[in-house]
Amino acid sequence: MGVGSGRGKTILFGEHFVVYGLPALAAGISSTTTARVTRTDSPGWTLTDNRPEMPGYKEKKLDEQRVSIENVIRHLGIDLSETGIHIEFGGDLVCASGIGASAANCVALARALSDEFSLGLDDEKVNEAAYEGERGYHGTPSGIDNTASTFGGLVWYVRDLSGGPPTFERLKLARPVHIVIASTGITASTKEVVGDVRAKKEANPEWFDGIVDEYKSLVHSARDALLALDLDRVGKLMDRNHTLLQQLTVSCEELDSLVTTARAHGALGAKLTGTGRGGNMIALVPDERVKQRVAEALTDAGAAAVWLTSFGT
Ligand code: MEV
């Protein structure tokens, strides 16, 4: 039997912008998806998906997940024409939009296949295989999700628009930073939302460029503020990033309401994270006490799930 795991992730700055070659900051979280691969006598592959989920998530993503599994197997050159494999997913990462569930699934699978078929994949190669898997979920992933899922920690990521390898840097903070993640419970289609933003960009390039111009300087300030652990500033920049995402039309009432609740209960800043139009929001909090208070307020405000975590070290 081969085993592997992949982390969930949260995007701190730059979802959607990252698709167009702008830098983004993401962090791996401690929850993981695990994969176990066992050999079978029949050709092809079968699947048992035991991952915990937001209701409806796995059903909605099933077709994309199947393409993604095919992509990873093909990319790794594994021949299942004579004998096959059974794949079992599990772990404590609750599948929801915005938490990197698809990337974690691909990373876990690549590692489990490497283990079972003695491929000796290092993290770089795991990341490449997971990227191919992510293409099953949407045609043009930026690669930030699989990178954060593979390497964990805090990642500064820039996609190469000419198709070359991305640049990414692993950043270390002097102490961990506390965050609260809350789910709207709504499963979004990354393919549809990314496609819609692209259509809007093409229809009105001046509008899009105006938003991008502000984001460009914002993300560099965010990096500096994070490295200096100037959390008040990071929070304000997250708030502003949320406004830019609203302008891109990827927020929704449910996300805005959770963001407002978090800010009202002591979060230093809050924004949607990931695809948007559902999925998750993330709130930056100064300490454990405020973390608990914000988490309770988000639950009372109707969040479908709330996670307390940290990143940076
Ligand atoms: C999804 O987690 C993040 C997006 O920026 C898409 C991508 O980066 O591929 C919306």
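Counting begins at 1 with the first residue of the sequence. The figures that follow rest on heavy atoms only: side chains count, while hydrogens, waters and symmetry mates do not. First listed ligand is number 1; within each ligand, the first listed atom is number 1.
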Can you confirm whether K125 is buried at NZ, in the sense that more than 12 heavy atoms of other residues, nucleotides or ligands lie under 6.0 Å from that atom?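 Not buried by this count: 12 neighbours or fewer within 6.0 Å.
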By the rule that ILVMFWY residues connect when side-chain heavy atoms come within less than 4.5 angstrom, directly or transitively, which residues belong alongside L121?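 Its cluster partners, ordered by chain and number, are V37, W45, L47, I69, V72, I73, L76, I78, L80, I85, I87, F89, V107, L109, L113, F117, L119, V126.
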Is any side-chain N of the basic residue among K200 and D196 closer than 4.0 Å to the acidic one's carboxylate O?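 Looking at D196 together with K200, the answer is yes, because their closest N to O distance falls below 4.0 Å.
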Are any of the side-chain nitrogens in K61 or E53 under 4.0 Å away from the carboxylate oxygens of its partner?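 Looking at K61 and E53, the cut-off is not met.
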What I want to check is whether the side chains of T273 and T10 have a donor and an acceptor closer together than 3.5 Å.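 On atom types as modelled, these side chains qualify, holding a pair under 3.5 Å.
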Where do D232 and K236 land on the salt bridge (Lys or Arg N to Asp or Glu O under 4.0 Å) test, with the steps shown first? CA-CA 6 Å; D232 288 329; K236 289 196 177 75; 5.7 Å; no
Give the protein residues with at least one non-hydrogen atom closer than 4.0 Å to an atom of ligand 1, ordered by chain and number.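 Its neighbours under 4.0 Å (heavy atoms only) are K9, I11, E15, H16, V18, V19, H138, P141, S142, I144, D145, V194, G274, T275, given by chain and number.
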